[in-house]
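Down below is the structure, laid out as C-alpha coordinates.
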Amino acid sequence: MALSVKKSEKFENTFQLYREASSGANGGKTGGGCGCN
Amino acid sequence: MKRRFIAASLLAFIFGNHSKAQEVAQDSSAYKKQKLKIEEVNFISSYYSQDGNNSAVTGGVGTEKLTDVATTFDIHISKYDSNNHKHNLVAELGIDSYTSASSDKIDGSTVSSASYQDVRVYPSFNYTFENEEKNYSLNAGISGSVEFDYTSIGVNAGYTKLSKDKNREFSVKGMAFFDTWKVILPIELRNTPSDNEASHGDTKPRTSYNLGLALSQVVNKNFQLAFLLDLGYQQGLLGTKFNRVFMTNGEMRSEKLPDTRTKIPFGLRANYFLGDNIVFRSYYRYYWDDWGINSHTISFEPSYKFSAFNSLTIPYRFYRQTAVDYFKPKDQHALDELFYTSDYDLSEFNSHMIGLSYRTLDSGNGIFNIKRINSLELRYGFYTRDNGLDAHILTLALKFK
(Lines give C-alpha, C1' and ligand atoms only; values in the text may rest on other atoms or scores of the structure.)
Protein backbone atom coordinates (compact mmCIF):
# COMPACT_ATOMS: atom_id res chain seq x y z
CA MET A 1 0.00 0.00 0.00
CA ALA A 2 1.25 3.51 -0.84
CA LEU A 3 1.27 4.82 2.74
CA SER A 4 4.98 4.66 3.41
CA VAL A 5 7.50 7.47 3.43
CA LYS A 6 8.53 8.63 -0.06
CA LYS A 7 12.16 8.04 -1.03
CA SER A 8 12.61 11.74 -1.74
CA GLU A 9 11.78 12.48 1.94
CA LYS A 10 14.52 10.16 3.19
CA PHE A 11 17.12 12.82 4.00
CA GLU A 12 14.53 15.25 5.39
CA ASN A 13 13.60 12.54 7.89
CA THR A 14 17.29 12.04 8.65
CA PHE A 15 18.04 15.66 9.54
CA GLN A 16 14.81 15.86 11.58
CA LEU A 17 16.07 12.82 13.52
CA TYR A 18 19.25 14.78 14.32
CA ARG A 19 17.68 18.17 15.03
CA GLU A 20 14.67 17.01 17.08
CA ALA A 21 14.36 14.89 20.18
CA SER A 22 11.64 12.56 18.92
CA SER A 23 11.70 9.83 16.30
CA GLY A 24 9.83 6.81 15.01
CA ALA A 25 6.28 5.90 13.95
CA ASN A 26 7.11 6.87 10.39
CA GLY A 27 8.35 3.54 9.11
CA GLY A 28 11.91 4.26 10.14
CA LYS A 29 13.90 3.49 13.24
CA THR A 30 13.02 4.86 16.64
CA GLY A 31 16.63 5.22 17.55
CA GLY A 32 20.07 3.76 17.14
CA GLY A 33 22.47 3.56 14.26
CA CYS A 34 23.70 7.12 14.69
CA GLY A 35 25.12 9.35 17.38
CA CYS A 36 21.97 11.43 17.46
CA ASN A 37 19.11 11.87 19.90
CA MET B 1 -5.52 -25.65 -30.17
CA LYS B 2 -2.69 -26.60 -27.88
CA ARG B 3 -0.17 -24.85 -30.18
CA ARG B 4 -2.30 -21.67 -30.22
CA PHE B 5 -2.47 -21.72 -26.40
CA ILE B 6 1.29 -22.07 -26.07
CA ALA B 7 1.89 -19.27 -28.62
CA ALA B 8 -0.58 -16.96 -26.85
CA SER B 9 1.06 -17.65 -23.47
CA LEU B 10 4.49 -16.93 -24.93
CA LEU B 11 3.36 -13.65 -26.50
CA ALA B 12 1.65 -12.55 -23.28
CA PHE B 13 4.79 -13.28 -21.28
CA ILE B 14 7.12 -11.42 -23.70
CA PHE B 15 4.98 -8.25 -23.81
CA GLY B 16 4.26 -8.39 -20.12
CA ASN B 17 7.85 -8.55 -18.98
CA HIS B 18 10.46 -5.79 -19.48
CA SER B 19 13.55 -7.38 -17.99
CA LYS B 20 16.44 -8.42 -20.24
CA ALA B 21 17.72 -11.04 -17.83
CA GLN B 22 14.85 -13.55 -18.12
CA GLU B 23 14.21 -16.90 -19.76
CA VAL B 24 10.79 -18.53 -19.95
CA ALA B 25 10.15 -22.21 -19.49
CA GLN B 26 7.41 -22.93 -21.98
CA ASP B 27 5.07 -25.34 -20.34
CA SER B 28 1.36 -25.34 -19.68
CA SER B 29 1.63 -25.04 -15.86
CA ALA B 30 1.32 -21.73 -13.91
CA TYR B 31 5.01 -21.84 -12.75
CA LYS B 32 7.37 -19.53 -14.66
CA LYS B 33 11.06 -20.20 -14.20
CA GLN B 34 12.91 -16.88 -13.97
CA LYS B 35 16.42 -15.69 -13.38
CA LEU B 36 17.14 -12.82 -11.07
CA LYS B 37 15.23 -9.70 -12.05
CA ILE B 38 16.36 -6.17 -11.30
CA GLU B 39 13.11 -4.49 -10.29
CA GLU B 40 14.51 -0.97 -9.85
CA VAL B 41 17.56 1.06 -8.92
CA ASN B 42 17.28 4.28 -6.92
CA PHE B 43 19.74 7.15 -6.65
CA ILE B 44 18.97 9.81 -4.04
CA SER B 45 21.21 12.74 -3.24
CA SER B 46 20.72 15.80 -1.08
CA TYR B 47 22.48 18.97 -0.02
CA TYR B 48 21.69 20.25 3.46
CA SER B 49 22.83 23.45 5.17
CA GLN B 50 21.89 24.95 8.50
CA ASP B 51 22.83 27.81 10.79
CA GLY B 52 21.90 28.98 14.24
CA ASN B 53 23.48 30.30 17.40
CA ASN B 54 23.01 27.60 20.03
CA SER B 55 25.83 25.17 19.45
CA ALA B 56 25.86 22.35 22.02
CA VAL B 57 29.61 21.91 21.53
CA THR B 58 30.21 25.39 23.00
CA GLY B 59 27.63 25.14 25.79
CA GLY B 60 24.51 26.34 24.02
CA VAL B 61 25.92 29.54 22.50
CA GLY B 62 27.82 29.68 19.23
CA THR B 63 27.53 28.93 15.56
CA GLU B 64 25.59 25.87 14.41
CA LYS B 65 26.73 26.29 10.82
CA LEU B 66 26.83 22.89 9.12
CA THR B 67 26.58 21.48 5.60
CA ASP B 68 25.97 17.89 4.59
CA VAL B 69 25.99 16.12 1.24
CA ALA B 70 24.27 12.73 1.42
CA THR B 71 23.86 10.10 -1.29
CA THR B 72 22.33 6.64 -1.36
CA PHE B 73 22.16 3.98 -4.05
CA ASP B 74 19.84 1.02 -3.73
CA ILE B 75 19.03 -1.92 -5.97
CA HIS B 76 15.93 -4.12 -5.76
CA ILE B 77 16.30 -7.69 -7.05
CA SER B 78 13.64 -10.40 -7.14
CA LYS B 79 13.27 -14.04 -8.12
CA TYR B 80 10.49 -16.61 -8.04
CA ASP B 81 11.25 -20.10 -6.81
CA SER B 82 9.76 -23.43 -7.90
CA ASN B 83 6.83 -22.94 -5.47
CA ASN B 84 5.99 -19.53 -7.00
CA HIS B 85 7.16 -17.75 -3.89
CA LYS B 86 8.83 -14.40 -4.45
CA HIS B 87 12.25 -13.61 -2.99
CA ASN B 88 13.34 -9.95 -2.82
CA LEU B 89 16.68 -8.45 -1.93
CA VAL B 90 17.34 -4.74 -1.44
CA ALA B 91 20.98 -3.70 -1.19
CA GLU B 92 21.71 -0.09 -0.26
CA LEU B 93 24.86 1.95 0.18
CA GLY B 94 24.80 5.43 1.70
CA ILE B 95 27.57 8.01 2.04
CA ASP B 96 27.31 11.29 3.98
CA SER B 97 29.96 13.98 4.10
CA TYR B 98 29.52 16.87 6.48
CA THR B 99 31.41 19.94 7.57
CA SER B 100 30.55 21.60 10.85
CA ALA B 101 31.80 24.86 12.34
CA SER B 102 30.60 23.81 15.79
CA SER B 103 32.24 20.35 15.74
CA ASP B 104 35.42 22.25 14.92
CA LYS B 105 35.17 23.84 18.39
CA ILE B 106 35.63 20.54 20.23
CA ASP B 107 39.26 21.64 20.25
CA GLY B 108 38.92 25.40 20.29
CA SER B 109 42.68 25.97 20.47
CA THR B 110 43.15 25.19 16.77
CA VAL B 111 42.10 27.23 13.74
CA SER B 112 40.58 24.13 12.21
CA SER B 113 40.70 20.60 13.61
CA ALA B 114 40.02 17.11 12.32
CA SER B 115 36.52 17.27 13.78
CA TYR B 116 35.57 20.00 11.27
CA GLN B 117 34.73 17.33 8.69
CA ASP B 118 33.60 13.73 8.75
CA VAL B 119 32.33 11.05 6.40
CA ARG B 120 29.76 8.38 7.27
CA VAL B 121 29.32 5.19 5.25
CA TYR B 122 26.25 3.02 5.81
CA PRO B 123 25.45 -0.16 3.87
CA SER B 124 22.39 -2.34 4.39
CA PHE B 125 20.87 -5.56 3.03
CA ASN B 126 17.22 -6.50 3.42
CA TYR B 127 15.62 -9.77 2.29
CA THR B 128 11.88 -10.47 1.91
CA PHE B 129 10.13 -13.78 1.31
CA GLU B 130 6.61 -13.40 -0.14
CA ASN B 131 3.94 -16.07 -0.20
CA GLU B 132 1.48 -14.40 -2.56
CA GLU B 133 -0.96 -17.32 -2.34
CA LYS B 134 -1.30 -17.09 1.45
CA ASN B 135 -0.87 -13.29 1.57
CA TYR B 136 2.04 -13.01 3.96
CA SER B 137 5.70 -12.08 3.85
CA LEU B 138 8.73 -12.44 6.10
CA ASN B 139 11.68 -10.06 6.09
CA ALA B 140 15.09 -9.76 7.67
CA GLY B 141 18.04 -7.45 7.27
CA ILE B 142 21.36 -6.20 8.48
CA SER B 143 22.84 -2.71 8.42
CA GLY B 144 26.01 -0.95 9.37
CA SER B 145 27.23 2.60 9.85
CA VAL B 146 30.79 3.83 10.24
CA GLU B 147 32.09 7.32 10.96
CA PHE B 148 35.12 8.60 12.81
CA ASP B 149 33.81 8.26 16.35
CA TYR B 150 30.74 6.05 15.92
CA THR B 151 30.05 2.58 14.54
CA SER B 152 26.78 0.69 14.38
CA ILE B 153 25.64 -2.81 13.50
CA GLY B 154 21.89 -3.27 13.09
CA VAL B 155 19.63 -6.28 12.58
CA ASN B 156 15.92 -6.42 11.84
CA ALA B 157 13.20 -9.01 11.26
CA GLY B 158 9.51 -8.67 10.47
CA TYR B 159 6.24 -10.24 9.39
CA THR B 160 3.50 -8.78 7.18
CA LYS B 161 0.02 -10.19 6.63
CA LEU B 162 -2.44 -9.02 3.98
CA SER B 163 -6.18 -9.64 4.07
CA LYS B 164 -7.68 -11.79 1.30
CA ASP B 165 -9.01 -8.73 -0.52
CA LYS B 166 -5.63 -6.98 0.05
CA ASN B 167 -7.37 -3.93 1.50
CA ARG B 168 -5.85 -4.43 4.97
CA GLU B 169 -2.23 -4.99 5.92
CA PHE B 170 -0.71 -5.68 9.32
CA SER B 171 3.01 -5.71 9.97
CA VAL B 172 5.32 -6.16 12.92
CA LYS B 173 9.05 -5.41 12.78
CA GLY B 174 11.77 -5.71 15.38
CA MET B 175 15.09 -3.87 15.14
CA ALA B 176 18.21 -3.84 17.28
CA PHE B 177 21.28 -1.62 16.94
CA PHE B 178 24.59 -2.44 18.64
CA ASP B 179 26.54 0.81 18.52
CA THR B 180 29.92 1.91 19.82
CA TRP B 181 31.08 5.44 20.63
CA LYS B 182 34.70 6.44 20.59
CA VAL B 183 34.57 9.00 23.39
CA ILE B 184 35.86 12.46 22.49
CA LEU B 185 35.93 14.99 25.31
CA PRO B 186 36.26 18.77 24.93
CA ILE B 187 39.97 19.72 24.84
CA GLU B 188 39.81 21.25 28.35
CA LEU B 189 38.65 17.99 29.97
CA ARG B 190 40.80 15.39 28.22
CA ASN B 191 43.21 15.03 31.16
CA THR B 192 40.63 15.76 33.88
CA PRO B 193 37.14 14.48 32.92
CA SER B 194 34.28 16.19 34.76
CA ASP B 195 32.63 12.87 35.65
CA ASN B 196 33.46 9.17 35.82
CA GLU B 197 31.11 8.21 32.98
CA ALA B 198 33.85 8.12 30.36
CA SER B 199 37.42 9.21 29.71
CA HIS B 200 38.83 10.59 26.48
CA GLY B 201 39.55 7.75 24.05
CA ASP B 202 37.30 5.19 25.78
CA THR B 203 34.93 3.08 23.70
CA LYS B 204 31.43 2.89 25.11
CA PRO B 205 28.39 0.90 23.95
CA ARG B 206 24.93 2.16 23.03
CA THR B 207 22.23 -0.44 22.36
CA SER B 208 18.79 0.32 20.90
CA TYR B 209 15.78 -1.96 20.55
CA ASN B 210 12.71 -1.02 18.49
CA LEU B 211 9.42 -2.84 17.94
CA GLY B 212 7.21 -1.38 15.21
CA LEU B 213 3.56 -2.23 14.59
CA ALA B 214 1.60 -0.96 11.58
CA LEU B 215 -1.97 -1.44 10.40
CA SER B 216 -3.00 -0.10 6.98
CA GLN B 217 -6.54 -0.02 5.65
CA VAL B 218 -7.99 0.92 2.28
CA VAL B 219 -11.28 2.50 3.34
CA ASN B 220 -12.58 3.09 -0.18
CA LYS B 221 -11.11 3.85 -3.59
CA ASN B 222 -10.32 7.45 -2.52
CA PHE B 223 -9.18 7.03 1.09
CA GLN B 224 -6.39 5.06 2.80
CA LEU B 225 -5.37 5.03 6.48
CA ALA B 226 -2.43 3.68 8.41
CA PHE B 227 -1.81 3.44 12.17
CA LEU B 228 1.79 3.11 13.40
CA LEU B 229 3.06 2.37 16.91
CA ASP B 230 6.68 1.98 17.94
CA LEU B 231 8.17 0.91 21.26
CA GLY B 232 11.80 1.89 21.70
CA TYR B 233 14.36 1.30 24.44
CA GLN B 234 17.97 2.45 24.56
CA GLN B 235 20.76 1.83 27.01
CA GLY B 236 24.40 2.75 27.23
CA LEU B 237 26.16 6.06 26.57
CA LEU B 238 23.21 8.21 25.43
CA GLY B 239 24.75 11.65 25.93
CA THR B 240 27.28 13.33 23.63
CA LYS B 241 30.45 13.72 25.68
CA PHE B 242 32.05 16.47 23.52
CA ASN B 243 29.08 18.78 24.26
CA ARG B 244 30.02 21.36 26.89
CA VAL B 245 27.74 22.38 29.76
CA PHE B 246 28.44 25.53 31.82
CA MET B 247 27.17 25.49 35.40
CA THR B 248 25.95 28.44 37.49
CA ASN B 249 29.42 29.03 38.96
CA GLY B 250 31.08 29.03 35.54
CA GLU B 251 32.45 25.49 35.89
CA MET B 252 32.52 23.64 32.57
CA ARG B 253 31.48 19.98 32.39
CA SER B 254 30.90 17.36 29.72
CA GLU B 255 27.23 16.61 28.93
CA LYS B 256 25.76 13.87 31.13
CA LEU B 257 22.44 12.12 30.45
CA PRO B 258 20.75 8.96 31.84
CA ASP B 259 21.96 5.62 30.55
CA THR B 260 18.46 4.35 29.67
CA ARG B 261 15.64 5.81 27.60
CA THR B 262 12.15 4.52 26.71
CA LYS B 263 10.34 5.98 23.69
CA ILE B 264 6.73 5.52 22.53
CA PRO B 265 5.68 7.26 19.29
CA PHE B 266 2.25 6.78 17.74
CA GLY B 267 1.54 7.85 14.16
CA LEU B 268 -1.38 8.15 11.80
CA ARG B 269 -1.18 8.50 8.00
CA ALA B 270 -4.12 9.37 5.79
CA ASN B 271 -4.14 9.70 2.00
CA TYR B 272 -7.14 11.07 0.15
CA PHE B 273 -7.48 11.05 -3.63
CA LEU B 274 -9.65 13.92 -4.91
CA GLY B 275 -10.38 12.89 -8.47
CA ASP B 276 -7.58 11.89 -10.80
CA ASN B 277 -5.38 14.96 -10.33
CA ILE B 278 -5.21 15.82 -6.62
CA VAL B 279 -3.86 13.77 -3.71
CA PHE B 280 -3.76 14.88 -0.06
CA ARG B 281 -1.18 13.09 2.07
CA SER B 282 -1.32 13.82 5.77
CA TYR B 283 0.53 12.59 8.83
CA TYR B 284 0.26 13.04 12.59
CA ARG B 285 2.58 11.71 15.29
CA TYR B 286 2.49 11.95 19.08
CA TYR B 287 5.73 11.08 20.85
CA TRP B 288 6.48 10.45 24.52
CA ASP B 289 9.67 9.39 26.28
CA ASP B 290 10.79 9.03 29.89
CA TRP B 291 13.25 11.91 29.58
CA GLY B 292 10.33 14.35 29.62
CA ILE B 293 9.82 14.89 25.89
CA ASN B 294 6.28 15.17 24.58
CA SER B 295 5.97 16.15 20.96
CA HIS B 296 3.44 16.58 18.18
CA THR B 297 4.18 16.36 14.47
CA ILE B 298 1.65 17.22 11.81
CA SER B 299 2.22 17.41 8.08
CA PHE B 300 0.15 18.01 4.97
CA GLU B 301 1.30 17.31 1.45
CA PRO B 302 -1.16 18.27 -1.30
CA SER B 303 -0.06 17.06 -4.69
CA TYR B 304 -1.41 18.24 -8.05
CA LYS B 305 -0.93 16.26 -11.24
CA PHE B 306 -0.94 18.88 -13.97
CA SER B 307 -0.33 16.38 -16.74
CA ALA B 308 -0.33 12.61 -17.06
CA PHE B 309 3.38 12.46 -16.19
CA ASN B 310 4.08 15.57 -14.12
CA SER B 311 3.05 16.68 -10.66
CA LEU B 312 3.77 19.42 -8.15
CA THR B 313 3.66 18.96 -4.39
CA ILE B 314 3.72 21.56 -1.60
CA PRO B 315 4.71 19.82 1.67
CA TYR B 316 4.20 21.57 5.01
CA ARG B 317 5.19 20.24 8.43
CA PHE B 318 4.69 21.65 11.94
CA TYR B 319 6.52 20.21 14.95
CA ARG B 320 6.38 21.04 18.64
CA GLN B 321 8.32 19.48 21.51
CA THR B 322 8.72 20.05 25.22
CA ALA B 323 12.23 20.09 26.68
CA VAL B 324 13.95 17.09 28.25
CA ASP B 325 13.97 17.24 32.06
CA TYR B 326 17.75 17.81 32.02
CA PHE B 327 17.95 20.84 29.70
CA LYS B 328 18.91 24.35 30.80
CA PRO B 329 20.57 27.17 28.86
CA LYS B 330 24.20 28.17 29.46
CA ASP B 331 25.20 29.04 33.05
CA GLN B 332 21.91 27.81 34.56
CA HIS B 333 22.68 24.25 35.65
CA ALA B 334 23.03 23.85 39.43
CA LEU B 335 26.12 22.07 40.73
CA ASP B 336 24.12 19.28 42.40
CA GLU B 337 22.26 18.20 39.25
CA LEU B 338 22.83 14.57 38.36
CA PHE B 339 22.14 14.99 34.62
CA TYR B 340 22.64 18.12 32.48
CA THR B 341 22.62 19.28 28.87
CA SER B 342 22.53 22.58 26.99
CA ASP B 343 21.82 20.93 23.63
CA TYR B 344 19.03 22.96 22.03
CA ASP B 345 17.95 19.89 20.00
CA LEU B 346 16.59 18.71 23.38
CA SER B 347 15.03 22.08 24.36
CA GLU B 348 11.44 23.22 24.02
CA PHE B 349 10.68 24.60 20.56
CA ASN B 350 8.29 24.81 17.62
CA SER B 351 9.42 24.31 14.05
CA HIS B 352 7.93 24.76 10.60
CA MET B 353 8.99 23.23 7.34
CA ILE B 354 7.66 24.19 3.95
CA GLY B 355 8.77 23.03 0.55
CA LEU B 356 8.13 22.47 -3.10
CA SER B 357 8.55 19.28 -5.08
CA TYR B 358 8.39 18.50 -8.80
CA ARG B 359 8.05 14.95 -10.07
CA THR B 360 8.09 13.62 -13.62
CA LEU B 361 7.50 10.11 -14.89
CA ASP B 362 8.74 8.40 -18.03
CA SER B 363 6.21 9.02 -20.80
CA GLY B 364 7.78 6.35 -23.00
CA ASN B 365 10.88 8.12 -24.31
CA GLY B 366 12.69 8.11 -20.98
CA ILE B 367 13.66 11.25 -19.05
CA PHE B 368 16.34 13.41 -20.66
CA ASN B 369 15.91 10.82 -23.47
CA ILE B 370 17.49 8.20 -21.21
CA LYS B 371 15.08 5.29 -21.42
CA ARG B 372 16.11 3.64 -18.15
CA ILE B 373 15.18 6.65 -16.03
CA ASN B 374 11.64 5.87 -14.88
CA SER B 375 11.07 8.88 -12.63
CA LEU B 376 12.78 12.03 -11.38
CA GLU B 377 11.85 14.11 -8.36
CA LEU B 378 13.41 17.38 -7.23
CA ARG B 379 12.40 18.48 -3.74
CA TYR B 380 13.29 21.61 -1.74
CA GLY B 381 12.53 22.25 1.91
CA PHE B 382 13.05 25.22 4.26
CA TYR B 383 13.08 24.41 7.98
CA THR B 384 12.95 26.99 10.76
CA ARG B 385 12.93 26.63 14.54
CA ASP B 386 11.71 29.36 16.87
CA ASN B 387 15.00 29.18 18.80
CA GLY B 388 16.89 30.53 15.80
CA LEU B 389 18.00 27.51 13.75
CA ASP B 390 17.23 27.62 10.03
CA ALA B 391 18.00 24.98 7.43
CA HIS B 392 17.66 24.33 3.72
CA ILE B 393 17.59 20.95 2.00
CA LEU B 394 17.54 20.12 -1.70
CA THR B 395 16.96 16.49 -2.76
CA LEU B 396 17.19 14.76 -6.13
CA ALA B 397 15.65 11.30 -6.47
CA LEU B 398 16.03 9.19 -9.61
CA LYS B 399 14.46 5.80 -10.25
CA PHE B 400 15.85 3.48 -12.93
CA LYS B 401 13.92 0.53 -14.35
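Quick note on labels: first sequence line is chain A, next is B, and so on, each numbered from 1. Just so you know, these numbers use all the heavy atoms, side chains as well, and skip hydrogens, waters and symmetry mates.
Heavy atoms closer than 4.5 Å to chain A are found nowhere in B:F227, neither backbone nor side chain. Both the backbone and the side chain of B:I44 come within less than 4.5 Å of a heavy atom in chain A. Within the 4.5 angstrom heavy-atom criterion, only side-chain atoms of B:Y319, from C-beta onward, approach chain A. Heavy atoms closer than 4.5 Å to chain A are found nowhere in B:L396, neither backbone nor side chain. Interface remark: B:F178 contributes no atoms to any contact with chain A (heavy atom separation under 4.5 Å). Within the 4.5 angstrom heavy-atom criterion, no atom of B:Y233 approaches chain A. For a residue to count as touching a neighbouring chain, one of its non-hydrogen atoms must lie under 4.5 Å from one of that chain's; by this rule B:Y286 does not touch chain A. Neither the backbone nor the side chain of B:A214 comes within contact range of chain A, judged by heavy atoms closer than 4.5 Å. Residue contact with chain A, scored on non-hydrogen atoms closer than 4.5 Å, is absent for B:S282. With a threshold of 4.5 angstrom between heavy atoms, A:F15 approaches chain B through side-chain atoms but not through N, CA, C or O. Contact of B:S46 with chain A is made through backbone and side chain together, with heavy-atom distances under 4.5 Å.
Side-chain contact between B:T72 and A:F11 is present, with heavy atoms from C-beta onward closer than 4.5 Å. Between B:S295 and A:E20 there is no side-chain heavy-atom pair separated by less than 4.5 Å. Within the 4.5 Å cutoff, no side-chain heavy atoms of A:Q16 are placed close to those of B:S351. Side-chain contact between A:K6 and B:R359: absent, with no pair of heavy atoms (C-beta onward) separated by less than 4.5 Å. The shortest distance between side-chain heavy atoms of A:V5 and B:R269 falls below 4.5 Å. A 4.5 Å side-chain heavy-atom check between B:M353 and A:E12 finds at least one atom pair inside the cut-off.
Between the side chain of B:D230 and the backbone N or O of A:A25 there is at least one donor-acceptor pair closer than 3.5 Å. Between the A:R19 side chain and the B:D345 main chain, no donor and acceptor come within less than 3.5 Å of each other.
Across every non-hydrogen atom of B:R285 and A:G24, the tightest pair is NH1-O, 3.0 Å.
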Run B:E92 and A:K10 through salt bridge (charged side-chain N to carboxylate O under 4.0 Å, His left out) and show every step you take. CA-CA 13 Å; B:E92 180 178 300; A:K10 179 187 181 73; 3.2 Å; yes
As a quick check of understanding, evaluate salt bridge (charged side-chain N to carboxylate O under 4.0 Å, His left out) for B:R317 and A:E9, giving each step before the final call. CA-CA 12 Å; B:R317 176 182 184 271; A:E9 296 176 42; over 6 Å; no
